[in-house]
Amino acid sequence: MQEAHDTAAFSITLNQNQHQNQDQSTVLVLQVFIDSIKDELTGKQYKELTDIVQKERDINKAKPKIIEKIKNFGIDTASNIIANIITNPTVLSKFM
């Protein structure tokens, strides 16, 4: 009976480790997105975007404002952000 109890405890620990690894991957990918955005924007442009997010908590209202702001930064800016995200080794490995 003791052996079955030990196996259950091991299984729970294993599931917790898998969950932790998932969270770390999510944080890493999120950081790739943030870094890609910061790399392509000036400090002022980045602040303009973060101001929209902080002031407008309703995603349905924030999204069009963010899209319009990025359009104002220029088509090259948006293209460069997307290219930086896709070509990041962490993200690129998910495409393969």
Side-chain angles (χ1 to χ4, degrees):
M1 193 61 147
Q2 179 66 24
E3 185 176 356
H5 179 33
D6 290 342
T7 303
F10 176 74
S11 176
I12 291 170
T13 301
L14 179 61
N15 288 338
Q16 288 176 345
N17 287 338
Q18 288 174 344
H19 180 72
Q20 181 181 8
N21 290 339
Q22 230 175 0
D23 289 345
Q24 289 172 350
S25 288
T26 302
V27 169
L28 183 60
V29 170
L30 179 60
Q31 192 60 50
V32 167
F33 277 87
I34 292 170
D35 289 346
S36 294
I37 292 168
K38 283 182 175 180
D39 286 348
E40 291 303 321
L41 300 180
T42 65
K44 181 180 178 185
Q45 290 171 327
Y46 184 76
K47 184 174 179 344
E48 289 176 32
L49 286 181
T50 57
D51 285 347
I52 293 170
V53 172
Q54 291 172 0
K55 290 177 183 172
E56 191 57 72
R57 297 295 182 173
D58 181 351
I59 189 72
N60 293 321
K61 292 179 181 178
K63 186 175 179 178
K65 292 177 182 180
I66 291 169
I67 291 170
E68 189 60 33
K69 186 60 71 176
I70 292 172
K71 283 181 183 179
N72 290 338
F73 296 157
I75 190 72
D76 289 343
T77 301
S79 299
N80 290 343
I81 290 170
I82 293 168
N84 283 347
I85 292 168
I86 292 172
T87 58
N88 181 282
T90 303
V91 176
L92 192 60
S93 69
K94 303 295 182 191
F95 279 98
M96 297 179 172

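Reckoned from all heavy atoms, side chains included, excluding hydrogens, waters and symmetry mates.
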From the list Ile81, Ile82, Asn88, Thr87, side chain to side chain contact (heavy atoms under 4.5 Å, CB included) with Ile85 holds only for Ile81
Applying the side-chain hydrogen bond (donor to acceptor under 3.5 Å, both in side chains) test to Glu56, which of Lys65, Lys63, Lys61 qualifies? Lys65
Got a second to check how far Thr50's OG1 is from Lys38's NZ, nearest 0.5 Å? 9.5 Å
When you group the ILVMFWY residues by side-chain heavy-atom contacts below 4.5 Å and let the links chain together, are Ile34 and Ile37 in the same group? yes
Would you give the length of the straight line joining atom CG of Asp51 to atom NZ of Lys69, rounded to the nearest 0.5 angstrom? 9.0 Å
Report whether Tyr46 and Leu30 are members of the same hydrophobic cluster (ILVMFWY, side-chain heavy atoms less than 4.5 Å apart, transitive linking). yes
Hydrophobic cluster identity match, Ile67 and Phe33, side-chain contacts under 4.5 Å: no
Please evaluate residues Ile52 and Glu48 with respect to the criterion side chain to side chain contact (heavy atoms under 4.5 Å, CB included), reporting the C-alpha separation (whole Å), side-chain torsions for both, the decisive distance (0.1 Å), and the verdict. CA-CA 6 Å; Ile52 293 170; Glu48 289 176 32; 5.8 Å; no
Say you draw a straight line from OG1 of Thr77 to CG of Asn72; how long is it, rounded to the nearest 0.5 Å? 10.5 Å
Closest non-hydrogen atoms of Gln54 and Arg57, given as atom of the first, atom of the second and distance, are O-NE, 3.4 Å
